[in-house]
Amino acid sequence: MRHDPALRRFVNALGDGRVILKLQSTCDEIETAQVVWRDGGIEQQHEMQRLGHIGGNDFFTVTVPASPTGEYVFHVRACGQSQWFTPRGLEIDSAKPEKWFRYDAREHAVFETPAWVRDAVFYQIFPDRFCNGDPSNDPPNTEPWGTPPAFRNFMGGDLKGILDKLDYLGDLGVTALYLTPIFKSTSNHKYDTVDYFTVDEHFGDTALLQTLVETCHARGIRVILDAVFNHCSNLHPFFLDVKQRGRESRYWNWFFIKKWPIPDRFARHKDALEWYECWWGYHTLPKLNYANPEVEEYFLNVARFWLHEVHTDGWRLDVPNEVIQTFWPKFRRVVKETNPEAYIVGEIWDDATPWLVGDQFDAVMNYRFQKALLGYFAEETLDTKALDHTLRQIMLDYPEQTTAVMLNLLGSHDTARPMTVAEADVESVKLMAAMQFTFEGAPCIYYGDEIGMEGAKDPDCRRCYPWDRPDLQNRELFAYYQKLIAIRQGNPALRTGTFHPFVVDDERELYAYERRADGNHCIVALNRSTSDQVVELPNQRTATELFSGRSITGREFIVPARRALILRVET
């Protein structure tokens, strides 16, 4: 019985007059695929490249020059027949299609992502735990540096501490900082914001933030801030006004108030939901009502303020999937009007396709990538084919502009440290880091991962950086990170090149891929097994192994057990 392919198309407008067209089919019997583009009666046929077969679907892509208006159809040969994919669906065995898809550039927002992110190496800092540069601004009852982290304790880290350690970050090779929230708040994490226009006094002030940003910029380091726009603190003045004045408050409709008066205390978690909507039932985090235009305008002003006043380089957005989605195109317009090169990255843990269509975020924190690497190299719950499947699926799900600037992480303030997940197996961490720094997107180091800091899920993953404890600093791992960053920065293919796996070997637990850019060709081979493995190159080559600097000639090279090799192929 013949299986006709069910097809989906994706249209992605670039900013230079070109359009990327993708075709997804549920049939694995497609032999060839082309797109026919028609403009003013002139037709051009473009062969589509097969991207791969993932999850029962075939994917094809092509980039075509496009005038502001035009028409197109897809021609596929599948199941032994010539078929057209048109607005009517499949037209089989017809000489010419009767209907064409219409293209109008005005209906497809040009999707451009910041070019600088492609070259960036991010470093995520949880300010209270990174470095205490000014003990005079410590919160009351600050505990000694290195005290085990708890949900409500403070260690005294601040912006001055970050300034003091810029030499360290520069020595590592960092080119961008991602700071978790620094706005006025009563917690150590600051995701319960009291004032979005004020730097928390225990971190410093606006002038100090400006000094930090200016100093970073002078060193070639970008700075992005973190904020949560879904909810605020129950100590925010607007919410306190609602508690005090009820329906007489001008902010009554800024929140989802169910009844009044609102108690000061609640006996049990989630009891507050009887009175007002709050994030996951936490009474300290009342949810904001974006149906009120004043709320929307307030947070657009927040977005604009820090980009304009302090010249920060973008925003990381906390739980953006819980904010009404119609807000984010407006947010993007304001951000890009203020700083066209600003980076917008959202915290989405699963498939983020609805937010990555060109009118909202540039990228997301790539937790799908993180889970795949931890599952393969540390927990060994995935086989090599499953790793390859996941990586290909991520790249196929999103536009190329997004894939190039995804924030690729191994750990964060919300997850267990990679060293802990790997049960202190340094070689597993090195393998993960090697892939992190050679895959498409921007690598992001969570502070301390470069020295092998450990920690279970939060709050334990928020330990203090052990500046005064050399015994807790794995300097050999630090040097490995330095080398990876230098290799990445020295090879454009690892930052902007195409990605092509050519060894996916379950039995040998071996994964190898090529990355190519103009004039630069690299090969990465990752050996998870406990035995040395031979990799056969696609063609006879002369290459340089970039960790050791040794030359490799011929069709084969050996990847030692539990090791990663990165080769630059001589062209």
Side-chain angles (χ1 to χ4, degrees), residues 122 124-128 159 162 176-206 209-210 212-213 222-239 254-255 278-280 282 284-290 294-325 327-339 342-349 352 355 360-365 407 412-414 444:
F122 280 87
Q124 180 190 353
I125 293 177
F126 192 89
D128 184 63
L159 297 181
I162 300 172
L177 299 183
Y178 147 32
L179 309 182
T180 58
I182 59 169
F183 308 124
K184 184 175 179 60
S185 162
T186 60
S187 68
N188 56 41
H189 54 74
K190 311 299 179 195
Y191 285 102
D192 51 346
T193 307
V194 172
D195 186 345
Y196 288 87
F197 292 95
T198 303
V199 174
D200 192 274
E201 60 185 0
H202 301 299
F203 285 169
D205 55 23
T206 300
L209 176 62
Q210 187 152 17
L212 173 62
V213 172
R222 309 269 184 158
V223 181
I224 67 168
L225 301 183
D226 190 352
V228 53
F229 295 159
N230 175 69
H231 51 264
C232 63
S233 169
N234 64 333
L235 299 179
H236 192 290
F238 298 171
F239 190 76
W254 280 54
F255 306 94
C278 43
W279 185 74
W280 286 22
Y282 289 103
T284 57
L285 303 172
K287 184 174 174 62
L288 292 148
N289 177 19
Y290 279 83
E294 292 182 350
V295 173
E296 192 173 79
E297 186 59 32
Y298 176 87
F299 284 105
L300 293 177
N301 286 334
V302 172
R304 184 184 297 112
F305 179 83
W306 295 104
L307 293 167
H308 182 266
E309 296 299 317
V310 184
H311 304 295
T312 52
D313 298 289
W315 286 101
R316 183 268 185 186
L317 305 168
D318 192 66
V319 294
N321 53 311
E322 301 192 33
V323 176
I324 186 169
Q325 201 164 346
F327 171 70
W328 295 122
K330 300 170 187 175
F331 178 89
R332 183 180 182 87
R333 281 196 294 273
V334 164
V335 166
K336 298 296 183 176
E337 285 169 2
T338 309
N339 177 2
Y343 181 44
I344 305 173
V345 57
E347 180 206 14
I348 307 287
W349 289 63
W355 292 270
Q360 296 169 69
F361 309 158
D362 293 313
V364 295
M365 297 181 76
L407 196 66
S412 78
H413 63 291
D414 286 325
C444 181

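Treat the numbers as computed from the prediction; the structure is a model and nothing was measured. Along the sequence shown, residues carry numbers from 1.
The two residues W315 and A303 have their closest heavy-atom pair at NE1-O, 3.3 Å. Here the closest heavy-atom approach between residue S233 and residue F239 is recorded as O-CB, 4.2 Å. Here the shortest heavy-atom pairing between P181 and H189 reads CD-O, 3.9 Å. The nearest pair of heavy atoms linking T193 to F183 is CG2-CB, 3.9 Å. In terms of heavy-atom proximity, V228 sits nearest to Y191 at CG1-O, 3.2 Å. Listed here is the closest heavy atom pair of V199 and L209: CG2-CD2, 4.1 Å.
For the atom pair CZ of R316 and CD1 of I344, the computed distance is 14.0 Å after rounding to the nearest 0.5 Å. With rounding to the nearest 0.5 angstrom, the CZ atom of F305 is 6.0 Å from the OG1 atom of T206. For the atom pair CG (D205) and CG (D200), the distance works out to 11.0 Å, reported to the nearest 0.5 Å. Rounding to the nearest 0.5 angstrom, the gap separating the NZ atom in K330 from the CZ atom in F299 is 14.5 Å. Within the model, atoms CD of E322 and NE2 of H231 stand 8.0 Å from one another, a figure rounded to the nearest 0.5 Å. Atom CG of L212 and atom CG of L179 lie 6.5 Å apart (nearest 0.5 Å).
Formation of a donor-acceptor pair under 3.5 Å by the W328 side chain with backbone atoms of P320 is found in this model. K287 places no side-chain N or O within 3.5 Å of a backbone atom of N230 that could act as its donor or acceptor partner. Side-chain atoms of W306 do not come within 3.5 Å of backbone N or O of T312 as any donor-acceptor pair. When atom types are taken as modelled, the side chain of E347 and the backbone of V319 share a donor-acceptor pair closer than 3.5 angstrom. When atom types are taken as modelled, the side chain of D362 and the backbone of V345 share no donor-acceptor pair closer than 3.5 angstrom. No donor-acceptor pair closer than 3.5 Å links the side chain of K190 to the backbone N or O of D128.
Screening D226, D414, D318 for a side chain to side chain contact (heavy atoms under 4.5 Å, CB included) with T180, the sole residue that qualifies is D226.
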Exercise. Kindly indicate, with the supporting measurements, whether the criterion side-chain contact (heavy atoms from CB on, under 4.5 Å) is fulfilled by L300 and F331.
Key: CA-CA 6 Å; L300 293 177; F331 178 89; 4.2 Å; yes
Exercise. For Y343 and L407, run side-chain contact (heavy atoms from CB on, under 4.5 Å): C-alpha distance rounded to whole Å, both residues' side-chain angles, the deciding distance at 0.1 Å, then the answer.
Key: CA-CA 11 Å; Y343 181 44; L407 196 66; 3.8 Å; yes
Quiz prompt | Intermediate values then yes/no, ring pair (Phe, Tyr, Trp, His ring centres under 6.0 Å), Y298 and F197 | solution = CA-CA 11 Å; Y298 176 87; F197 292 95; 5.6 Å; yes
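Counting only N and O atoms by type, the side chains of T284 and D192 include no donor and acceptor under 3.5 Å apart.
In this structure, H236 and Y196 have tilted ring planes: the angle between them lies in the 30° to 60° band.
Side-chain contact between N234 and Y282: absent, with no pair of heavy atoms (C-beta onward) separated by less than 4.5 Å. Residues E337 and R304 are not in side-chain contact: their nearest non-hydrogen atoms beyond the backbone lie 4.5 Å or more apart.
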